[in-house]
Amino acid sequence: DDEAADAVQSLCESLASDALGTDGALSDVIFGGDELASDPVRLVLTGAWARVQIARKEAVTPAQLAVLAGVHPSRVRALRGAGEIPGWTDTGATGRGAPPCPAKAAQRWLSARGVAGL
């Protein structure tokens, strides 16, 4: 995961920052102020960084989880609200104010959806 993290950071600094017009800050490149990574470069980098975070046992956002699952972030939030992502407990916060998904819950849910290599 450290090598993958270095690779993502390097791509953000050398390729994506120029292509996307940012200063190369990882969060700016990956999310670009948008919840949904519609740009192909951002989409790949968001998915790669989400995998790094899960490998490091770090929580991921609904947008990151959505990229890995191939669905819209609103769908991930709806599934979370319905209790269909086991291990992602409801703290009373909803929508975009909800806490990120714990890595273990994300890994289990993605594995059940057929996402390999996590």
Side-chain angles (χ1 to χ4, degrees):
D1 57 311
D2 287 335
E3 288 180 16
D6 290 343
V8 171
Q9 182 66 44
S10 179
L11 281 172
C12 288
E13 291 170 354
S14 63
L15 298 177
S17 61
D18 292 337
L20 300 173
T22 69
D23 63 2
L26 188 62
S27 62
D28 290 341
V29 173
I30 290 176
F31 300 112
D34 298 327
E35 179 182 67
L36 182 61
S38 58
D39 181 280
V41 174
R42 282 196 174 114
L43 185 67
V44 170
L45 292 174
T46 299
W49 191 249
R51 284 180 172 267
V52 166
Q53 286 184 263
I54 291 171
R56 290 178 169 176
K57 311 285 190 243
E58 297 173 3
V60 293
T61 67
Q64 290 173 300
L65 198 54
V67 167
L68 292 176
V71 298
H72 194 275
S74 63
R75 180 70 180 139
V76 170
R77 284 193 303 275
L79 290 169
R80 179 197 174 277
E84 295 193 26
I85 303 179
W88 196 358
T89 57
D90 185 1
T91 62
T94 58
R96 294 183 184 167
C101 182
K104 190 172 187 175
Q107 188 174 26
R108 264 195 316 262
W109 184 72
L110 289 166
S111 293
R113 292 183 59 87
V115 178
L118 294 173

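For G87 against A105, the heavy-atom pair with the smallest separation is C-CB, 3.8 Å.
Checked against R80 for a side chain to side chain contact (heavy atoms under 4.5 Å, CB included), the options C101, P62, P99 give a single hit: P99.
Proximity of P102 to R108: side-chain heavy atoms (C-beta onward) are nowhere separated by under 4.5 Å. Proximity of P100 to V60: side-chain heavy atoms (C-beta onward) are nowhere separated by under 4.5 Å. Side-chain atoms of R51 and V115, non-hydrogen and from C-beta on, do get closer than 4.5 Å to each other.
Linking Ile, Leu, Val, Met, Phe, Trp and Tyr residues whenever their side-chain heavy atoms come within less than 4.5 Å leaves V67 and V44 in two separate clusters.
Summarising the geometry, atom CG belonging to L68 is positioned 10.5 Å from atom CZ belonging to R113; distances are rounded to the nearest 0.5 Å. For the atom pair CH2 of W109 and CG of L65, the computed distance is 5.0 Å after rounding to the nearest 0.5 Å.
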